[in-house]
Amino acid sequence: MTIRFAHLREQGIDFAVFGADSNDHTRSGRERTLANLVLRARANGLKIDKAALAYDEGARICYFGTPDLVKFLANNGVPVWTHTLDV
């Protein structure tokens with residue numbers, strides 16, 4: 001499976017937003033999914049200080065991850081996807 005994600009730098013902070021959700025749609029599942037995706041992206045040489053998942057829930061996009069990044073995304077939307085990650 002290929003996951004699209006955005007890897008950006010804003011105000012000196014490197015962050016990643018992954019277009020993905022956990023299979024079970026639970027908080028613990030999302031925590032595991034996010035941690036796994038961050039590890040894989042870092043293994044590919046990317047610096048990530050903060051990260052979040054962006055996923056569809058009904059007709060809206062929801063976010064899960066670092067609280068201040070989630071707030072930023074809720075106010076500004078998902079950035080343009082810049083990378084892909086095979087998982």
Side-chain angles (χ1 to χ4, degrees):
M1 173 194 307
T2 300
I3 304 291
R4 298 179 303 162
F5 72 102
H7 181 257
L8 302 166
R9 183 172 180 84
E10 183 82 26
Q11 298 180 1
I13 298 169
D14 294 291
F15 67 93
V17 181
F18 299 94
D21 193 8
S22 65
N23 290 332
D24 63 4
H25 309 290
T26 64
R27 179 177 187 81
S28 62
R30 288 179 176 132
E31 288 170 350
R32 283 189 307 273
T33 298
L34 183 57
N36 184 32
L37 292 171
V38 167
L39 284 174
R40 288 174 181 256
R42 285 179 176 157
N44 284 323
L46 297 176
K47 181 177 183 265
I48 299 174
D49 300 315
K50 299 180 181 192
L53 301 174
Y55 56 93
D56 293 323
E57 193 167 271
R60 65 186 193 129
I61 297 175
C62 296
Y63 306 100
F64 178 87
T66 308
D68 57 334
L69 178 56
V70 167
K71 185 176 179 180
F72 173 82
L73 294 168
N75 291 327
N76 298 292
V78 177
V80 175
W81 304 122
T82 60
H83 295 71
T84 58
L85 188 63
D86 291 324
V87 296

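Excluded from the calculations below are hydrogen atoms, water molecules and symmetry mates; all remaining heavy atoms, backbone and side chain alike, are included.
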Arg32: side-chain hydrogen bond (donor to acceptor under 3.5 Å, both in side chains) partners, not counting sequence neighbours: none
Sequence neighbours left out, what passes salt bridge (charged side-chain N to carboxylate O under 4.0 Å, His left out) with Asp14? Give chain and number order. Arg9, Lys47
Please round to the nearest 0.5 Å and tell me the distance separating atom SG of Cys62 and atom CG of Leu53. 11.0 Å
Check the surroundings of atom CG in Asn23: do more than 12 heavy atoms from other residues, nucleotides or ligands lie under 6.0 Å from it? no
Could you go step by step and tell me if Ile3 and Leu37 meet the side-chain contact (heavy atoms from CB on, under 4.5 Å) rule? CA-CA 9 Å; Ile3 304 291; Leu37 292 171; 4.2 Å; yes
Nearest 0.5 Å, what's the CG-CD1 distance between Leu69 and Ile13? 9.0 Å
Give the minimum heavy-atom separation between Ala52 and Val70, together with the two atoms involved. CB-CG2, 4.4 Å
Got Asn44 and Leu85 here, is their nearest side-chain heavy-atom distance under 4.5 Å? yes
Minimal non-hydrogen separation, Thr82 against Ala6, with atom names: OG1-CA, 3.4 Å
Return the CG to NE2 distance between Leu8 and His83, rounded to the nearest 0.5 Å. 9.0 Å
Pairs flagged by ring pair (Phe, Tyr, Trp, His ring centres under 6.0 Å) wherever residues 8-34 is involved - sequence neighbours left out: Phe5-Phe18
Kindly indicate whether the side chain of Tyr55, heavy atoms from C-beta on, has any atom under 4.5 Å from the side chain of Arg30. yes
Give the cluster check for Phe72 versus Val17: same hydrophobic cluster or not, with ILVMFWY residues linked at side-chain heavy-atom distances below 4.5 Å. yes
Answer yes or no: is there a donor N or O on one side and an acceptor on the other, between the side chain of Arg42 and the main chain of Ile48, under 3.5 Å? yes
